[in-house]
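What follows is a single structure, written as structure tokens, with notes after it.
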There are 2 protein chains.
Amino acid sequence: MTQVKLSTEEQNIKIAVDAAIFTVQHDELMVLLIQMKKKPFANVWALPGGLMEQEETTENAARRILKIQTGVSDVYLEQLGTFDDPKRDPFGRVISVAYFALVPSEGVKLETTDKYADVQWWSVQKLPSLAYDHSYMVQVTLERVRAKLGYTNVIWSLLPSEFTLSQLHRMYEVVLGHSLDKRNFLRKVLHLDFVVPSGNKVSGEAHRPAELYKFKQKKLQYVEVL
Amino acid sequence: MTQVKLSTEEQNIKIAVDAAIFTVQHDELMVLLIQMKKKPFANVWALPGGLMEQEETTENAARRILKIQTGVSDVYLEQLGTFDDPKRDPFGRVISVAYFALVPSEGVKLETTDKYADVQWWSVQKLPSLAYDHSYMVQVTLERVRAKLGYTNVIWSLLPSEFTLSQLHRMYEVVLGHSLDKRNFLRKVLHLDFVVPSGNKVSGEAHRPAELYKFKQKKLQYVEVL
DNA sequence: TCAAAAGTGTTCCTGTTACACCCATGA
DNA sequence: TCATGGGTGTAACAGGAACACTTTTGA
């Protein structure tokens, strides 16, 4: 940090945190967007975010945004990277530390505040154009998450605590955006042994009731899923 | 960015850039460290770094550090992440955007300036304790680079423009820190077809001369090497 | 002719792919 | 009894792992 001062001028750079919050609803991968009110971006959609506070970490700032917008905490959150094109913000020099979060769709209650014109989930397939470099952030997150499905158990962060193997299967397909052979997929998943039967079964549907499973651990593990 | 101002206080946070510069010398993975002079860290080793300038990007700041310390440009450089523990710098709130670079060992001339007590390559196996959170940064870089060897051609960034298959093989072993079966490794590498014979051979050594190879492309490609 | 590193094949085994039918339930 | 999604096996193939000797050169 301060070994070489590269410049003698004082820095006048602000630090913001943005959060790309993903979930899956109705077999579609969704990202949470807010609609802005302020002048050059009136009615433009963007990722939720804001300036950092003096005494917090960027991760805590991201958790706070998440809590405010979705009411959820205790979700998967990962630093995506820092975005610092000098022209990315028309108001002045602002660099943004971006995070992404993966949340299960149940238990989320969107909070609209009067700071924003609107707050909505959008399908990543049909995004509007976004403020700043936020489209790029979403793009980078998607690539990261899709890759990470292949070698970790992160998928737990999108699922309820009990789920059927079919839900698990469909969740992979939705996030990856392509289909996976059912029998091969299930064999692999069961063999890798990161999900176990919960002992319960689905009931009340007009077909054979599915066995419910749960994750052995709800924290990041490295497993070769794909 | 600025959609929600999380705080009404003004930010007083500085932004620094640190660079973990790696190379391989004498079959050892080395990282470049500088020895500090300033008070609470007098004679402590650290990664080279410094405060960002107002009008540059963090990547340019990292390239500048790299150029100043090693004289090299046009090397592999990647953003590692942003480190922002409020207590990481005893002088005040400084967040650091860390980069890592991979450089071939020939063509590098270390520059000592009077800002530092010393500048040296250190084996990652025998690092001294480092200032700030720099040991952690080195650790994270190592994990990232080792993983990346498995699915990309980044290894080009550590090798000279022409090299033997044995050098390539040894390079993988040194960075990964474990050995790889020679025949299986070479079969895979040749099959993947990201290196091609340059047409030249090594000469002047007391044994069978090796064929020289070069990379088809000296930019990041995704290939399943391991 | 010796020392040293270069270069080269085969077998075994494991894991991946492709593929289709019966099962259990509620309506 | 029917419609719906749940659940299951096998054969062919590809790729990974283990393993040792011959070749070419300079000294």
Side-chain angles (χ1 to χ4, degrees), chain A residues 24 26-28 146-147 149-153 155 159-160 162-174 176 178-214 222-226, chain B residues 24 26-27 146-147 149-153 155 159-160 162-174 176-214 222-226:
Chain A
V24 171
H26 312 303
D27 292 352
E28 281 198 296
R146 285 174 176 156
L149 287 188
Y151 61 92
T152 70
N153 67 344
I155 197 82
L159 286 160
E162 297 198 352
F163 52 88
T164 68
L165 294 179
S166 294
Q167 283 178 285
L168 179 65
H169 179 217
R170 218 170 313 128
M171 194 59 83
Y172 269 94
E173 292 186 330
V174 167
L176 292 173
H178 61 82
S179 61
L180 296 169
D181 181 86
K182 182 170 64 157
R183 280 172 290 185
N184 294 335
F185 175 79
L186 294 181
R187 183 181 19 252
K188 187 116 185 223
V189 158
L190 292 174
H191 180 69
L192 288 171
D193 201 43
F194 63 102
V195 294
V196 291
S198 73
N200 305 319
K201 277 180 193 271
V202 170
S203 66
E205 285 181 72
H207 52 78
R208 176 170 176 177
E211 183 104 24
L212 286 165
Y213 283 75
K214 62 183 180 184
Y222 292 84
V223 281
E224 286 294 327
V225 182
L226 305 178
Chain B
V24 171
H26 312 300
D27 292 351
R146 284 173 176 155
L149 286 188
Y151 61 91
T152 69
N153 67 344
I155 197 83
L159 285 160
E162 297 197 352
F163 52 88
T164 67
L165 294 179
S166 294
Q167 282 178 285
L168 178 65
H169 179 219
R170 217 170 314 129
M171 194 61 82
Y172 269 93
E173 293 186 330
V174 168
L176 292 173
H178 60 83
S179 62
L180 297 169
D181 180 85
K182 182 169 67 155
R183 280 171 292 185
N184 293 336
F185 175 79
L186 294 180
R187 186 184 15 256
K188 188 113 185 227
V189 158
L190 293 173
H191 180 70
L192 289 171
D193 202 41
F194 64 100
V195 295
V196 290
S198 73
N200 305 319
K201 274 179 193 271
V202 170
S203 66
E205 285 182 71
H207 52 79
R208 178 168 174 177
E211 184 105 22
L212 286 165
Y213 283 74
K214 61 183 180 185
Y222 292 85
V223 282
E224 286 295 326
V225 182
L226 305 176

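Throughout, a chain's letter reflects where its sequence line sits, starting with A, and its residues are numbered from 1.
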5'-most contact on DNA chain D (nearest-nucleotide basis), A:Ala210 vs B:Arg187, goes to A:Ala210

Counting N and O atoms only, with roles assigned by atom type, does the side chain of A:His169 sit under 3.5 Å from a partner on the main chain of A:Leu180, one being a donor and the other an acceptor? yes

5'-most contact on DNA chain C: B:Gln167 or A:Pro209, nearest heavy atom basis? B:Gln167

Rounding to an integer number of Å, can you tell me how far A:Glu205 CD sits from D:dG6 C1'? 11 Å

Do any side-chain nitrogens or oxygens of A:Lys188 fall under 4.0 Å of OP1 or OP2 in C:dT16? yes

Counting just side-chain N and O atoms, does A:Ser166 come under 4.0 Å of either OP1 or OP2 of D:dG5? no

Atom CZ of A:Arg208 and atom C1' of C:dC23 are separated, to the nearest Å, by 5 Å

5' priority, DNA chain D, between A:Leu212 and B:Ala206 [closest heavy atom]: A:Leu212

Calculate the interatomic distance between B:His169 atom NE2 and C:dG7 atom P; express it in whole Å. 13 Å

So, taking the atom named CG in A:Leu165 and the one named CZ in A:Arg170, what distance separates them when rounded to the nearest 0.5 Å? 11.0 Å

How about A:Phe185 and A:Asp181: do any of their side-chain heavy atoms sit closer than 4.5 Å? no

Rounded to whole Å, the NZ-P distance (A:Lys182 to D:dG7) equals 8 Å

Less than 4.5 Å apart, any side-chain heavy atom of A:Leu192 and any of A:Asn153? no

Rounding to a whole Å, what distance do you find between B:Leu165:CG and C:dA5:C1'? 13 Å

In whole Å, I'd like the distance from the CZ atom of A:Phe185 to the C1' atom of D:dG6. 15 Å

Below 4.5 Å, heavy atoms only, C-beta onward: do B:Val225 and B:Ile155 meet side chain to side chain? no

Do B:Arg183 and C:dA6 share a donor-acceptor pair, side chain to base, under 3.5 Å? no

Tell me: CG of B:Asn184 to P of D:dA14, nearest whole Å? 18 Å

What is the distance from CG of B:Asp181 to P of D:dA20, rounded to the nearest Å? 11 Å

